[in-house]
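Below, chain A is the first sequence line, B the second, and so on; all start at residue 1. The structure displayed is predicted, hence computed values, not measured ones.
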Amino acid sequence: MINITGLGAISAAGGNVAETLQSFSRKERNAGPVTLFETPLKYPVFEVKHIPEEYYLEGRRTLSLALIAADEALRDAGLENDLSSLRVGVCMGTTVACQLNDLEFYQSYRNTGAASMIPVDRYLKGNLAEFVSRKFKARGPVLTVVNACSSGTDAIGVALSWLKNGLCDIAIAGGADELNRIPLCGFGSLGIVSGELCAPFDRDRKGLNLGEGAGVLVIETKESAARRGRSSDLFLSGYGSASDSYHLTAPRPDGAGLERAILKALSDSGIKPGDISFVNAHGTATQDNDLVEGSTLGRIFGTDLNVLSTKGYTGHTLGAAGGLEAVFSAAALREGWIPASAGFFNKDENIPLIPVTERADVRGDYALSTSLAFGGNNAALVFGRREK
Amino acid sequence: MNMLGMGIVFASGRGIDSLDRALHEGWQAPAEVEIKGRKSFAYKVDQQAISDRTLLKNMRRADKLSKMAVVAASEALAGGMVNISPSPHPSPTGGEGAKIGVIVATALGAHVTTFDFLDDILEYGDAGVSPTTFSNSVHNAAASYISSALGIEGPTLTVTQFFFAFHSALQLAQVWLNEGRCDYVLAGTVEQYGDVLAYVHDTKLVPAHDGRIKPFNLKPAFQVPGEGSVFFLLGNNPGNAFCEVQSVSVNDQADNLPPADLNIIDADGLLEDESIYKECLSPDVPAAAYSPLFGSMMSGSAFNCAAGALMLKNQKSYANPVTDNPYGFNIVNDTAPCSIELIRCVRYNCFHERAEIYLRGKQIGEGR
């Protein structure tokens, strides 16, 4: 059994887990125009408004966000910032931090044939998982997952496998991504960004809003937690991943890949669909994602499923999304409630589910979080809580 | 875990025969390239090597990175004698393709396409960019093309680290096989050459002005950028394997393994000072380095690993392509039949951390 002993999160919904839950409870949607960079694009975005000075890293916002969430998760787990005496792995997902997409650097090279190497050095020293690992002196396996929008979920799944196979005793796992001009332009060009606040699963949804943040779990073996004298009501029980083998950007219409990922996560956990109390869905509010995901969830779990998308509070945070939604799912199990799925008003007759429209109690001990990625990868995690 | 199939595309061609031929023929001069008025060298993959109308029929808009990856992955799958019949209407448990996973390891990913996308922004503005270019610049595009071109429906992952991505991919492949998550894993690496990369290389590192990477020179360490892709089909069943991947360690000592019969070092000029490799070389164990055939790539370990696997399969040692040896290391000077059981492939990163892959050529198939 793999325990969840620490949670950390930062997004537009809050600078830590407690703030985020309060924000969810108040149904706050902290979106606004882009302020982090200049762009003529007028899409609303979910920016993190405050990064504490001690975490500020020039030109490396994703790393700052990751450190804030990792620090909180480690404190929650009762771990120090020097992990060198323990077998700790780090597996983090991202999209933006893996690319040398510094526009100023490139423009200089393009115009003059020469450019400062400072952005290059930042990039070469900024591999997300390596950076987090060095910061906390972790000595176990290190891996950065770059699986587009399922990166965070896959990173946690990889860390779960590491722990089950004895590669480490503890893992820091999740995802982080900053709001960046490049993906904003890219998603805009694909015509899937909404000019209004996003409305996951709603009949009149017009697309996603981009956001930024980081979500990190500390997970560890039962034996490791016992050695440290830590107990936890929460555990990570299963992970499933499957490819659509279909298209670079569009989800497979029949949802077969997502279904296999979910069924694998359930079988990993030794549970049945009826044991799931709620699903924190990918729910981006694009036409295609919500139709495929809603139909697949309805087919597996039935139409009475408690389902929500937290992207109405955070925006789509890309590589961070799976990490944040894992933290939100685990926190919901611990607190015993899920928030309303922000942005939903009207049922889409093509989707057999209605997301929760008001805060709802969690009945049952298991939760599922799903991610669907560009490239056709689907990933799912199952979280559990023990009876108190 | 056994290497059941292998596919490669690199500057000297495509396929295992090309690799074998290159190892026999030794060093070949890289291509001369001119970038913004500066002359340089690069080991570039010829477009002919990735021209495959059948395999790439749905990939006309894909970039070179993805095409190289699909070609290499396809050959690894075919070489492992695994045939997939994708089902148009897969069941929840999936078809044959659901038993295969994909792990693409890359240091720099689709950087060339990313810079193309930045060109779009600079030329046409934020609202005028190409959705196709953006889609292909996403880091996992190559993995997506592999799964869709080959009918693979298992877990498909792209991972990145600057020097140890391939090692981490092998570790994860072993874990997936142990867990029964997959019956087979296609794990490999892909890197693409581009002018911005070449500029960064030549600015931060020492270019090889004669086109020769000299792996045993250590300091100064000379580099020539390379590109290509190599994939391995991995499984726990013995099959007609190239070799067994006995152990993979990253910044950790491999457990209780006897001394190797051969050390392959990944020195390729990507560290300013490669003297750290002295720590892993021994006068008692011959050493080889094949980066002068492939070019300098942060995930070049996979290419050296391919050479090691072929040595074990053929029971033949291949001479070092460049034999400059100022420190008098015990290096392989001749291509000749020999008895090799265990090969250690070693890579250091700029923090002087070490990653090792042990390949074993005998007693294959016991399935670790």
(message) Tell me whether the count of non-hydrogen atoms from other residues, nucleotides or ligands lying under 6.0 Å of CZ in A/R122 goes above 12.
(response) yes
(request) Look at the side chain of B/S144 and the backbone N and O of A/G375, then say whether any donor-acceptor pair between them is shorter than 3.5 Å. (result) yes
(message) Does any backbone or side-chain atom of B/N349 lie under 4.5 Å from a heavy atom of chain A? Answer side chain, backbone, both or neither.
(response) side chain
(message) Can you give me the closest heavy-atom contact between A/I182 and B/L118, atom names plus distance?
(response) CD1-CD2, 3.3 Å
(request) Tell me the residues of residues 188-195 of chain A whose non-hydrogen atoms fall below 4.5 Å from those of chain B, in number order. (result) A/S189, A/L190
(message) Using side-chain heavy atoms (C-beta onward) and a distance below 4.5 Å, is A/D121 in contact with B/K204?
(response) yes
(message) Counting neighbours of CD on A/E38 that are heavy atoms of other residues, nucleotides or ligands and sit closer than 6.0 Å, is the number greater than 12?
(response) no
(request) Kindly compute the distance separating NE2 (B/H167) from CG (A/L143), expressed to the nearest 0.5 Å. (result) 13.0 Å
(request) Identify which part of B/D195 has an atom lying under 4.5 Å from any heavy atom of chain A, answering side chain, backbone, both or neither. (result) both
(message) Other residues, nucleotides and ligands only: do more than 12 of their heavy atoms fall within 6.0 Å of CD on B/E179?
(response) yes
(request) Specify which of B/C350, B/S137, B/G154 makes the most heavy-atom pairs with chain A at under 4.5 Å. (result) B/G154
(request) Please look at B/A141 and chain A and tell me whether the side chain, the backbone, both or neither of the residue comes under 4.5 angstrom of a heavy atom of that chain. (result) both
(message) Looking at every heavy atom in both A/R260 and B/E153, which two are closest together, and how far apart are they?
(response) NH1-O, 2.6 Å
(message) With a 4.5 angstrom heavy-atom cut-off, is it the side chain or the backbone of B/A149 that approaches chain A, or both, or neither?
(response) neither
(request) Measure the shortest side-chain to side-chain distance between A/F105 and B/V196 over non-hydrogen atoms and say whether it is less than 4.5 angstrom. (result) yes
(request) From the options B/T158, B/V159, B/T160, select the one residue that forms a side-chain contact (heavy atoms from CB on, under 4.5 Å) with A/T144. (result) B/T160
(request) For B/D126 and A/P40, work out which heavy atoms get closest and say how close. (result) OD2-CD, 3.5 Å
(request) For B/L122, look at atom CG and say whether over 12 heavy atoms of other residues, nucleotides or ligands are found less than 6.0 Å away. (result) yes
(message) Please classify the contact of A/N378 with chain B as side chain, backbone, both or neither, using a heavy-atom distance under 4.5 Å.
(response) neither
(message) Using a 4.5 angstrom heavy-atom cutoff, name the option from B/V200, B/V102, B/D120, B/T133 with the most pairs to chain A.
(response) B/V200
(request) Starting at CG of A/N377, measure out to OG of B/S147 and round the result to the nearest 0.5 Å. (result) 8.0 Å
(request) Using a 4.5 Å cut-off on heavy atoms from C-beta on, say whether the side chain of A/R110 contacts that of B/E123. (result) yes
(message) Working to the nearest 0.5 angstrom, can you tell me the gap between A/T249 OG1 and B/N136 CG?
(response) 9.5 Å
(request) Please tell me if the side chains of B/T156 and A/N147 come closer than 4.5 Å, counting only heavy atoms from C-beta onward. (result) no
(message) Give me the atom names and distance for the closest heavy-atom approach of A/P141 to B/Q171.
(response) CB-OE1, 4.5 Å
(message) A side-chain contact here means heavy atoms from C-beta on lying under 4.5 Å apart; do A/T95 and B/H139 qualify?
(response) no
(message) Please determine whether the number of non-hydrogen atoms from other residues, nucleotides or ligands lying under 6.0 Å from atom OH of B/Y124 exceeds 12.
(response) no
(message) For B/F164, which atoms come within 4.5 Å of any heavy atom of chain A: side chain, backbone, both, or neither?
(response) neither
(request) Side-chain contact test, heavy atoms from C-beta onward, threshold under 4.5 Å: evaluate it for B/V250 versus A/V142 and give yes or no. (result) no
(request) Could you have a look at A/L128, A/I262, A/V146, A/N127 and say which one has the most heavy-atom pairs with chain B under 4.5 angstrom? (result) A/V146
(message) Only pairs of heavy atoms separated by less than 4.5 Å count here; which of B/I35, B/V104, B/T114, B/D119 has the most with chain A?
(response) B/D119
(request) Kindly assign one of parallel, tilted or perpendicular to the pair A/F374 and B/F134, based on the angle between their ring planes and the thresholds 30° and 60°. (result) perpendicular
(message) So, taking the atom named OG in A/S161 and the one named CG in B/N178, what distance separates them when rounded to the nearest 0.5 Å?
(response) 10.0 Å
(request) Would you indicate whether the side-chain heavy atoms of A/K125 and B/F162 approach each other to under 4.5 Å? (result) no
(request) Tell me, out of A/T39, A/V145, A/L124, who's got the most heavy-atom pairs with chain B below 4.5 Å. (result) A/L124
(request) Side chain from CB out, backbone as N, CA, C, O: work out which of these in A/L248 comes under 4.5 Å of a heavy atom of chain B, or both, or neither. (result) both
(request) List the atom of B/R181, the atom of A/Y239, and the distance in Å for their closest heavy-atom pair. (result) NH1-O, 2.8 Å
(request) Check each atom of A/A114 against the heavy atoms of chain B and say whether the ones under 4.5 Å are side chain, backbone, both or neither. (result) both
(message) Are the side chains of A/V158 and B/L172 in contact, using a 4.5 Å heavy-atom criterion?
(response) yes
(message) Does any backbone or side-chain atom of A/Q107 lie under 4.5 Å from a heavy atom of chain B? Answer side chain, backbone, both or neither.
(response) both
(message) Treating A/Y109 as the side-chain partner and B/Y199 as the backbone partner, does any N or O pair qualify as donor plus acceptor under 3.5 Å?
(response) no
(message) Using every non-hydrogen atom in the two residues, find where A/R181 and B/I121 come nearest and quote the distance to one decimal.
(response) NH2-CG2, 3.6 Å
(message) I need the A/N165 CG to B/W176 CH2 distance, nearest 0.5 Å.
(response) 12.5 Å
(request) Drop me the distance from B/E353's CD to A/R134's CZ, to the nearest 0.5 angstrom. (result) 4.5 Å
